[in-house]
Amino acid sequence: MLSQTSERTIPLILQCFLYILLVKRSIVITRYPELHFFFLGALFSAILALVFALFKIKASLHMVAICGFAIFVIGLNIHLQMHNPYWPALLILLSGIVASSRLEMNAHTSREILIGLFVGIMPQLLFLYLWL
């Protein structure tokens, strides 16, 4: 529950460094291309959330996480030609539950939920285009 945007900068910077370490050392593109691009998308989402925080704009980090993961699962479903509609549908439903719970708890406004949604989706869609 970090209500001030200035409280988010240090955790987001640490998260960016951890994603960089993960992508450079553990999840290399030659062994795990799908996961590599997923974590690159997560890194870009964290960077975007950090930029928004620096400009005093709050984004729902819960929405960033669940929406980014939902797009990854949808892309993985397409990539592996699984034709399984249940996991993507479940994750889209969970995204709605997360959004409504954040609104119900008065943790975010609808604008902050939408910013989190786009910050989570856009980098994943960009990198989905690269590895699909």
Could you give the side-chain donor-acceptor pairs of residues 82-89 under 3.5 Å, partners two or more places apart or in another chain?
unit_1 : atom_1 : unit_2 : atom_2 : d
Asn84  : OD1    : Tyr86  : N      : 3.1

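Every residue meeting the side chain to side chain contact (heavy atoms under 4.5 Å, CB included) condition with Ile97, not counting sequence neighbours, appears here in chain and number order: Leu93, Leu94. In this structure Ile13 satisfies the side chain to side chain contact (heavy atoms under 4.5 Å, CB included) test together with Phe17, Leu50, sequence neighbours excluded. Residues that satisfy the ring pair (Phe, Tyr, Trp, His ring centres under 6.0 Å) test with Phe39, not counting sequence neighbours, are absent from this structure. Under the rule for a side chain to side chain contact (heavy atoms under 4.5 Å, CB included), the partners of Ala46 that lie at least two apart in sequence or sit in another chain are Gln15, Cys16, Tyr19. The side-chain hydrogen bond (donor to acceptor under 3.5 Å, both in side chains) search around His36 returns none, not counting sequence neighbours. Looking at residues two or more places apart in sequence or on another chain, you find a side chain to side chain contact (heavy atoms under 4.5 Å, CB included) between Phe52 and Ile57, Ile115, Val119.
Ring to ring, Phe44 and Phe127 are close: their centroids are under 6.0 angstrom apart.
Sorted by first and then second residue, the pairs that involve residues 109-122 and meet side chain to side chain donor-acceptor pair (under 3.5 Å), not counting sequence neighbours, are His108-Glu112.
Here OH of Tyr32 is found 6.5 Å from CD1 of Ile27. Values are rounded to the nearest 0.5 Å.
Other residues sharing the hydrophobic cluster of Ile10, ordered by chain and number and joined by side-chain separations under 4.5 Å: Leu14.
Counting only distance, with no hydrogens or angles, the side chain of Glu34 and the backbone of Leu76 share no donor-acceptor pair below 3.5 Å.
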